[in-house]
Amino acid sequence: MSWRQISPKVRTRFAPSPTGYLHVGGARTALYNYLYAKKNGGEFILRIEDTDEARSTEESLKMVIQDLVWLNLLWDEGPDAGTLKDQGPVGPYRQSQRLSLYKDVADKLLAEGKAYYCFLTDEEIEAQRQAAMAAGRPPHVNSPYADWSLEQARAKIAEGGKAVVRYKTKHLKKDYVIQDLIRGEVKFPSDMVGDFVLLRTGGMPVYNFCCVVDDHLMRITHVLRAEEHLSNTLRQLMIYEAMNWPVPEFGHVSLVLDEDRQKLSKRKGAVSCNQFREEGYLAEAVENFIALLGWSHPEGKEIMSMKDMEEAFSTDRLNAAGAVFDRVKLKWVNAMHLRALPEAELWAMVQPFLAKAGVQTPADPAWRERSLKVFKTSMELLADAVPLYSLLDDGKFTVLPEAEEALGWETSKAVVGAWRDLIAAHGREDFTEEEFLKIQDEVKNRSGAKGKNLFMPVRVAVIGKPHGTELKILVPLMSQQSLLRRADQVLARWN
RNA sequence: GUCCCCUUCGUCUAGAGGCCUAGGACAUUACCCUUUCACGGUAAAUACGGGGGUUCGAAUCCCCCAGGGGACGCCA
């Protein structure tokens, strides 16, 4: 192993396997790599690890890419987000298209006697495992083929023998050490692993092998990845050593855990990025939140834009302990981002949610901005706009059961009646706040009701329920016609 | 079972020997603002896993234990 400089420029990568949607743990890894590259004026590469033929799908690839695009974690090299065509000087960027590269390396290792063809069957391996476990030994394979000559093995293959290529580890008796960016010095005894597979029976490489070949060929300088890969690092170090390749810097990021402190797994579901998008989270808020799961801003900043994070990111503030994914705090972070957004921008994001729910709104941009200014303090998610705007949609006006009490008060009929008359007498189609307050005052005079006896019935006549946004804010967003229709509908109860 | 990693309020964290009677944020509770609901403001409560060292002094350094997590695959 050497510490030759790999690249004058920082080069990081995110290397998902397209076997499902992008989950938040993966998104965080991508984010950290992205931030590290940006912070250091480097390049961020997207590589697709699709060597698991059984589970990788084109569909998943598209989903992962879509999620990365949503998060705005755009890569400098890798499959183009639109065409999926490779973009960059060290492609292909999909492992399934790099097979000959892996084969060349494997052949070299084979020729040098550092790897060998192994003909052990699944059954034989399983039997070995059981025996080893029972005897309290680590469940490593012990292949009788390790000592075969290449000629011997090739002959057996020629006869139809099915073989994997395994890396020879038995003779390696020493500790392998990395200086982990997050954990400091980590030592792995070489006997921690047995002879591991490089190439599968079909010639398809295995993760630990192609990862090394690719990181080397793609000149990756810094690898930030999940802690679950920490023990894989040993195998990878062995390959780097065998090939005499420089080793990149590693940083093993803590795991994202669910509420039971278990690994948040994509197989357990319920944590995909697209799901958060659909629920009305903002990409920047999700990134802000997941960044904080294992990293902190030097000044303790909690609400950050991507720019803030790009400027402040460093690996020395990365945390080694696992972090629980707290949805409640995510919501809060989202609410903060949402409020910080200019209304026009927010509207563009809210609109699809309203459209999907069939909520009608006036087309006037000024009205939209005005309404959002009012509503956004009571929104945590984009989807929260739906019940809010439904209040203003005449087609959705109904008197809720919770309004019954307020309508039952003895002055309520007089209140709503006076309200209706004053609205009808108003000379214009819309109302200012002052006009509303004047009307409200007059309702008080005519009905004799005051306090909640006054406000609640009026509110019911406006939005169908006794609680909610201040009327002096709501009414200026509504039309005379709409208010009249609603008041009449409530009044009809007494007839 | 073996090896590796981790361990500060319920949760995310600050903390790199004295600034710590441990700070911030979310959540919680109370109060204030508000003739509703939110928003906002103020305050309270809650943590260094346990045991040994080292040191004048330890959340911070070392060791042991316990607990949690991860890996041990022709998954990544």
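Just so it is clear: chains get the letters A, B, ... in the order the sequence lines come, proteins before strands, and each one is counted from 1.
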Before we go on, tell me: are the rings of A:Y176 and A:F188 under 6.0 Å apart, centre to centre?
no
Write down the distance separating the C1' atoms in B:rC9 and B:rA22, rounded off to the nearest Å.
10 Å
Measuring only the C1' atom in each nucleotide, how far is B:rG41 from B:rC48? A whole number of Å is fine.
31 Å
Which nucleotide, in any strand shown, forms a Watson-Crick or G-U wobble pair with B:rU42, with both distances under 3.5 Å?
B:rA30
Just name whichever nucleotide pairs with B:rC20, Watson-Crick or G-U, keeping both distances under 3.5 Å, else none.
none
Can you confirm whether the side chains of A:N334 and A:H337 place a donor and an acceptor under 3.5 Å from each other?
no
Please report, rounded to the nearest Å, how far the P atom of B:rC74 is from the OH atom of A:Y116.
11 Å
Integer-rounded Å distance: B:rC4 C1' and A:L234 CG:
10 Å
Between C1' of B:rC3 and CZ of A:F196, the distance in whole Å:
16 Å
Closest to side chain of A:P189, choosing from B:rC37, B:rC3, B:rC12
B:rC3
Which whole-number value in Å describes the distance from A:K187 NZ to B:rC6 P?
14 Å
From the options B:rU36, B:rC4, B:rG70, select the nucleotide whose nearest atom is closest to the side chain of A:F188.
B:rC4
With a non-hydrogen cut-off below 4.0 angstrom, is A:G294 in contact with a base, only sugar-phosphate, or nothing?
sugar-phosphate
A:R261 side-chain N/O to B:rC12 phosphate OP1/OP2 under 4.0 Å:
yes
For the side chain of A:K444, starting at C-beta, report the closest nucleotide among B:rC26, B:rU35, B:rG1.
B:rU35
Rounded P spacing from B:rA38 to B:rA44 in Å
23 Å
Could you check how far CD of A:E259 sits from C1' of B:rC12, rounded to whole Å?
13 Å
For the pair A:F313 and A:Y36, name the ring-plane relationship: parallel under 30°, tilted 30 to 60°, perpendicular over 60°.
perpendicular
Assigned partner base of B:rC72, Watson-Crick or wobble definition, under 3.5 Å
B:rG1
Residues A:H229 and A:Y207: side-chain donor-acceptor under 3.5 angstrom
yes
Using a heavy-atom cut-off of under 4.0 Å over every strand shown, decide if A:L198 touches base, sugar-phosphate, or nothing.
nothing
Heavy atoms only, 4.0 Å cut-off, all strands: where does A:E227 land among base, sugar-phosphate and nothing?
base
Just name whichever nucleotide pairs with B:rC37, Watson-Crick or G-U, keeping both distances under 3.5 Å, else none.
none
If only side-chain N and O atoms of A:R129 are considered, is one of them under 4.0 Å from the OP1 or OP2 phosphate oxygen of B:rG73?
yes
Just checking A:R225: base, sugar-phosphate only, or nothing, at a heavy-atom cut-off of under 4.0 Å?
nothing
Please determine whether a side-chain nitrogen or oxygen atom of A:N319 lies at a distance below 4.0 Å from atom OP1 or OP2 of B:rA14.
yes
B:rU54 - base-pair partner by Watson-Crick or wobble geometry, distances under 3.5 Å
none
Kindly confirm or rule out a cation-pi arrangement of A:R47 over A:Y93, judged by NZ or CZ under 6.0 Å from the six-membered ring centre and within 45° of its axis?
no
Tell me which nucleotide, if any, is Watson-Crick or G-U wobble paired with B:rG49 when both distances must be under 3.5 Å.
B:rC65
Heavy-atom donor-acceptor pair, A:Q262 side-chain to B:rG69 base, under 3.5 Å:
no
A:N232 has its side chain closest, among B:rC5, B:rA76, B:rA71, to B:rA76
From CZ of A:R55 across to P of B:rG73 the rounded distance in Å is 16 Å
Could you check whether A:G468 gets within reach of a base, just the sugar-phosphate, or nothing at all, counting any heavy atom under 4.0 Å?
base
Using atom P of each nucleotide, how far apart are B:rU28 and B:rC19 to the nearest Å?
33 Å
Please determine whether a side-chain nitrogen or oxygen atom of A:T51 lies at a distance below 4.0 Å from atom OP1 or OP2 of B:rA76.
yes
How is A:V164 classified with respect to the nucleic acid when contacts are heavy atoms under 4.0 Å: base, sugar-phosphate, or nothing?
base
Classify A:D122 by what it touches in the nucleic acid, base, sugar-phosphate, or nothing, heavy-atom distance under 4.0 Å.
base
Please report the distance, rounded to the nearest Å, between NE2 in A:H252 and P in B:rC3.
20 Å
Rounded to whole angstrom, note down the C1' distance from B:rU46 over to B:rC12.
15 Å
Watson-Crick or G-U counterpart of B:rA25, or none if no pair lies under 3.5 Å:
B:rU11
Looking at B:rC12, B:rG1, B:rA76, which one has an atom nearest to any side-chain atom of A:P139?
B:rG1
Inter-nucleotide P distance (B:rG67, B:rA47), Å rounded
24 Å
Which nucleotide sits closest to the side chain of A:V197: B:rG73, B:rA25, B:rC4?
B:rG73
Stacked cation flag A:K156 on A:F119, 6.0 angstrom / 45 deg
yes
Same-atom distance (P) from B:rG40 to B:rA25, integer angstrom:
13 Å
Answer yes or no: side-chain N or O of A:T201 and base N or O of B:rC74 forming a donor-acceptor pair under 3.5 Å.
yes
Counting only side-chain nitrogens and oxygens, does A:R317 get under 4.0 Å of the OP1 or OP2 atom of B:rU13?
no
Which of B:rC72, B:rU35, B:rA76 is nearest the side chain of A:R235? It is B:rC72
Could you tell me whether the side chains of A:R225 and A:T233 share a donor-acceptor contact shorter than 3.5 Å?
yes
Under a 3.5 Å limit for both distances, which nucleotide forms a Watson-Crick or G-U wobble pair with B:rU60, could you say?
none
When you match A:K329 and A:T377 each to their closest nucleotide on RNA chain B, which lands nearer the 5' end?
A:K329
Testing the 3.5 Å rule here: is there a donor-acceptor pair between the side chains of A:S371 and A:Y389?
yes
Of the candidates B:rC37, B:rC74, B:rA14, the side chain of A:H467 sits closest to B:rC37
Is the A:F431-A:F436 ring centre distance short of 6.0 angstrom?
no
I want to verify a distance call: between B:rA14, B:rA76, B:rC74, whose nearest atom is closest to the A:S296 side chain?
B:rA14
Which nucleotide sits closest to the side chain of A:L255: B:rU13, B:rG24, B:rG69?
B:rG69
Nearest whole Å is fine: how far is B:rG24 P from A:L292 CG?
16 Å
